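Shown next, in structure tokens, is the structure this report addresses.
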Amino acid sequence: MADAVNGVVAVAVETPQHTGLGAPLDYSADALPPGTLVRVPLGRRDVPGIVWDRPAEAEAPPELRPVREVLAAMPPLGASWRQLVAFAAAYYQRGLGELALAVLPPELRKLDDVQLARRVARLRKPAVPARAARRAGLAAATAAAEAADAQHGVQPAADTPEAAPAFPPAEAGPPAAAEAPPLNDEQQAAVDAIGAAAGTYLLHGVTGSGKTEVYLHAAEAALAAGRQVLVMVPEINLTPQLEARLAQRFAGRRLVALHSALTPAQRLKHWLLAHLGEADLVLGTRLAVFASLPRLGLIVADEEHDPSFKQQEGARYSARDLAVYRGHLEGVPVVLGSATPSLETWQRVQEGRYTRLALSQRIGGGVLPRVRLFDMNTLPRQRGSAAPALAPALVDAVAERIERGEQSLLFLNRRGYAPVLHCTACGWKSGCPHCSAWRVFHKGDRSLRCHHCGFSERVPRACPDCGNLDIAPLGRGTERLEEQIAQLLPGARVARIDADTTRLKGSLEAQLGAVHAGDVDVLVGTQMIAKGHDFRRITLVAAVNPDSALFASDFRAPERLFALLMQAAGRAGRDAQQAARSEMWVQSWHPQHALYAALRKHDYEAFAASQLEERQSAGLPPFSSLALLRAEAREASIAQGFLRAASELAQAMADEAGVTLYPPVPPPVARVADVDRLQMLVESPSRVALQRLLAAWLPQLHALRSVHKGVLRWAVDVDPLAI
DNA sequence: AGCACGCCGACT
DNA sequence: GTCGGCGTGCTC
């Protein structure tokens, strides 16, 4: 361990990469173990920092300022945590200290040592009597004594096992609270494989095939071996039901949640419980991948294909990819669960780098719903009028369900009443004055709302350009679909769930509760309802208008659509006796498309194979690595000039390294809130070559801003989701 | 990123 | 005469 030498410590502080201050800074202090939280002077400010590993050979500048405060009440952050953070900072091209401090609970940086000691002491009082014996030695220590100990850099070794040994095989007799249903052979084989060796596992099974039960058993084994378990889900929405299930199964264990909807105080408490080794299970969203877990024994990433695992601002990390790295680093198994794995994951399975564990059957003998592709071209069209939103045959099928007391789910990935209003006389459309996008008509509050910048106005009575009173909605959103289905099926109880109806805290739960209670016949919603929720009485799911993704410029659009439709199909017929007559309807103008053919057969593998072939011939991920350099300015030409200059700086390097620089292009929505955006694609068949180029190139870009004035922001996105 | 210092316009 | 505009520059 490279401890402090000659009274010098390196401290990671919140300094952005582009200032040339991305690396830790040197301060004078008595020996402090790496990972210790400190406060240090920086310029005229006092900032929080983390003592970092300092290379022994590094020279100290002559005059160093002293560390101002040592927060010794908490054990230092472990070596593997620091390595994870250092890797993420380097890979996603951010300052080390910037990332390290950004992934700590915000509340932590506000505390001084005394306040921290008080909280730590409180949390170390065991919540469950059974834990008292094991923790007795630690709990006995007073906060003051702990603080005094830690002042000398002494920490109970048990709290910071830096190098975790290999995951031991599953043992019998963990203190499970609720009895588990018996596993089928495939589930048992999966649990055995995960328990046998560290590595990355793809748990591949359709909705209802019992993936969660495998997670629970694998977790049980890890807990029995005295380890902590990290479970990640893509969205906060999905935490409550999994939390309930984990809490029920592991009643004697301490379970904490980590996500951005917690209050600052809760987030700090949960994070500390994990860091102190008090929490046995951590359930969270992508930010939980950075939780400090001194006894980590298993990582689960459920719905690993979900785009929400990629952070979309600041350090744009992929929590799924970091989970895999972390598992490798700490020698613990990583389980990636999905019915429709990301093509990156699937390719790694093909290459033998990940192990596929297949769950091929639905639990309880349920079958997947029959997929019915409805060809919208067959609908008779009255002259001059648009095609109806819903095929009459689909409306009949919904009506049948209502008669039988069953529920239907209509899925339309577009909220609002209509995506755009237009004037039938002069052709005016409801564009946003600040963005290159249409403003969406929301009938509920009679507003025209831009979904990009939030600009909202009361919908005009007449055309703002020509005064014509006949302004009409174009296209359909969930509000309009809800209205139409209510008209087509009088007496049906119709509900709608989307971002607009769930704005208030607790309203999603309330609405889902109504569906479960049987108070709803037809549920209309966006992709929010396609994910995770376990509806028992739904026997019909319909994708009302999914075609747009087929021809999107985004190369991942088909992959996303397939996953979404498979997931939506999974909502139907989870109850075995209903499964036989469950149906998934897809209304399409292109029913012959290969994606739908694969969907009809629930054939992920065929779909993945054809997509991978396309990706390979196009030189796209997972057969190449990408990064996007983005720039924003009031005028596109300024952003353009900056990116061109950046490109020139890199050209020689790129040619040599086998990296391709593409010309700057506007993203799909080029102007948002009066700011023009441009982006430049950087591509290489070699991840390493791309990484090397970025590391050499990006530090030079800060200086460009003084030449290209007017660039408001620039940023790099490594492994971008969309290009 | 903050937060300084630093040199030019409209106000008590 | 100052209050304050945000342009450059530094932080171990």
Side-chain angles (χ1 to χ4, degrees), chain A residues 2-71 76-77 82 85-86 88-90 92-110 290 311-317 629-635 638-639 641-642 645-646 674-675 698-717:
Chain A
D3 259 29
V5 224
N6 305 327
V8 182
V9 292
V11 178
V13 289
E14 224 173 4
T15 46
Q17 176 89 305
H18 59 254
T19 55
L21 281 182
L25 305 178
D26 286 335
Y27 289 87
S28 66
D30 293 337
L32 287 173
T36 305
L37 225 55
V38 291
R39 295 195 74 84
V40 293
L42 180 70
R44 237 133 295 213
R45 293 176 297 156
D46 232 21
V47 295
I50 301 166
V51 176
W52 217 260
D53 312 76
R54 190 171 187 280
E57 69 276 12
E59 273 173 49
E63 298 244 333
L64 289 178
R65 301 177 73 182
V67 167
R68 204 152 279 175
E69 188 188 4
V70 179
L71 286 93
L77 291 150
R82 299 196 303 277
V85 167
Y92 295 104
Q93 308 292 330
R94 309 296 295 200
L96 175 63
E98 182 198 3
L99 184 71
L101 285 143
V103 301
L104 294 178
E107 202 69 3
L108 186 60
R109 68 180 58 188
K110 297 182 190 157
F290 288 111
Q311 171 86 21
Q312 288 296 5
E313 57 195 25
R316 295 173 162 247
Y317 61 87
L629 183 64
R630 308 171 197 276
E632 298 183 356
R634 280 269 119 91
E635 288 293 328
I638 293 168
F642 173 82
D674 294 317
V675 171
L698 299 177
Q700 303 173 28
L701 296 191
H702 185 55
L704 279 185
R705 286 186 70 168
S706 47
V707 186
H708 296 265
K709 294 188 200 307
V711 174
L712 298 171
R713 294 171 2 137
W714 67 271
V716 68
D717 185 351

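In what follows, every chain begins at residue 1, and chains take the letters A, B, ... in the order their sequences are listed. Quick caveat: nothing in here was measured; it's all calculated off a predicted structure.
Using a 4.0 Å heavy-atom cutoff across all strands shown, A:P41 reaches sugar-phosphate atoms only and no base atom.
A close approach under 4.0 Å does occur between a side-chain nitrogen or oxygen of A:K709 and OP1 or OP2 of C:dT8.
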Polar atoms only, N or O, under 3.5 Å: list the protein pairs with nucleotides 1-8 of chain B and their distances.
from, atom 1, to, atom 2, distance (Å)
B:dA1, OP2, A:H18, NE2, 2.4

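Here the C1' atom of nucleotide C:dC12 and the CD atom of A:E63 are 11 Å apart, to the nearest Å. Residue A:D26 contributes atom CG, which lies 6 Å from atom C1' of C:dC12 at whole-angstrom precision.
Residues that satisfy the salt bridge (charged side-chain N to carboxylate O under 4.0 Å, His left out) test with A:R45, not counting sequence neighbours, are absent from this structure. With sequence neighbours excluded, the residues forming a side chain to side chain contact (heavy atoms under 4.5 Å, CB included) with A:A89 are A:L96, A:L99, listed by chain and number. In this structure A:L701 satisfies the side chain to side chain contact (heavy atoms under 4.5 Å, CB included) test together with A:L629, A:F642, A:A646, A:L649, A:W697, A:L698, A:L704, A:W714, sequence neighbours excluded. Applying the side chain to side chain contact (heavy atoms under 4.5 Å, CB included) test to A:Q312 and every residue at least two apart in sequence or in another chain returns A:K310, A:R316, A:D717, A:L721. Remark: A:R68 engages A:D46 in a salt bridge (charged side-chain N to carboxylate O under 4.0 Å, His left out) (not counting sequence neighbours).
Proximity of a side-chain donor or acceptor of A:R82 to a complementary backbone N or O of A:P34 within less than 3.5 Å is detected.
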